[in-house]
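Notes follow the structure.
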Amino acid sequence: MSIRQPTTVVFDIGNVLLRWDPRHLYRRIFEDEAEMEWFLSHVCTPSWNVEQDRGRDWDEAVALLVKDHPKHESAIRAFHERWTETVTGAYEQNVALLLQLREAGVPNYCITNFSGQKFILAKQRFPFLAEFDGIIVSGDERLLKPDPAIYHLLFDRYALEAADCVFIDDSRANIETARNVGMHAIHYPDEQVDLAAELRRYGFPV
């Protein structure tokens, strides 16, 4: 990793800035926890959902599952139609850090695995998401982290140098790729990480 002190912060969104988990929704639909977990591991699976993050249309995605699992049609449709309930709110302490960085004039960007359709809804609910200096949404680009191409797209589109950037993400795989392409990186798997202290370690005014 470059020893050059970074000047720019690049955020992930899900489980860094926004609290996202489909269980927030499905605990309202399933009374039995085991039944909910079965549904999320066999029907609306992570591998199914990530294709929407890759750019697949939600109506198409729902139709594919309903065809294979007609008995679960209502619960499948809920993932799309009640998607906002999968986000319970923001990590307020991390949003506060983001706003401090902006007030201090620190360039701030975002790379997120996110459906383009749903990101529009997220920006309406959380206006701070619309105020990055630049953002790469996987569903719009049809690229997913940890593919190195999505990081290079950020650098190329916004004329950034990897060594100038600190990347924050909850996924270890995404962090490893960030380091491999030359970025500094902070792994944020849960709220036990003192993100402010990590940013101060890199010299940022928070």
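Predicted model only: the values in this text are computed from it and were never measured.
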CD of Glu60: more than 12 outside heavy atoms within 6.0 angstrom? yes
Who passes ring-ring contact (aromatic ring centres under 6.0 Å, His included) against Phe204, sequence neighbours left out? none
Using distance alone, with no hydrogens and no angle criterion, decide if Asp53 and Asn113 have a side-chain donor and acceptor under 3.5 Å apart. no
Return yes when atom CD of Gln93 has more than 12 non-hydrogen atoms of other residues, nucleotides or ligands closer than 6.0 Å, and no otherwise. yes
With Phe132, which residues qualify under ring-ring contact (aromatic ring centres under 6.0 Å, His included), at least two apart? none
Using the ring-ring contact (aromatic ring centres under 6.0 Å, His included) criterion, which residues pair with His80? Sequence neighbours excluded. Trp58
Suppose we screen for side chain to side chain contact (heavy atoms under 4.5 Å, CB included). Which residues come up paired with Arg82, at least two apart in sequence or across chains? Leu25, Arg28, Ile29, Ala78, Glu85
Is there a chain of hydrophobic side chains (I, L, V, M, F, W, Y, each step under 4.5 Å between heavy atoms) that links Val66 to Leu64? no
Of all residues at least two apart in sequence or in a different chain, which pass the salt bridge (charged side-chain N to carboxylate O under 4.0 Å, His left out) check with Glu33? Arg27
From the list Asn174, Val193, Ile175, side-chain contact (heavy atoms from CB on, under 4.5 Å) with His187 holds only for Ile175
Glu176 and Arg179: CA distance, side-chain angles, deciding distance, salt bridge (Lys or Arg N to Asp or Glu O under 4.0 Å) verdict: CA-CA 5 Å; Glu176 289 176 356; Arg179 289 177 176 148; over 6 Å; no
Is a donor on one side and an acceptor on the other found under 3.5 Å between the side chain of Arg142 and the backbone of Gly55? yes
His72: ring-ring contact (aromatic ring centres under 6.0 Å, His included) partners, not counting sequence neighbours: Trp38, Phe39
Ring centres under 6.0 angstrom apart (Phe167, Phe11): no
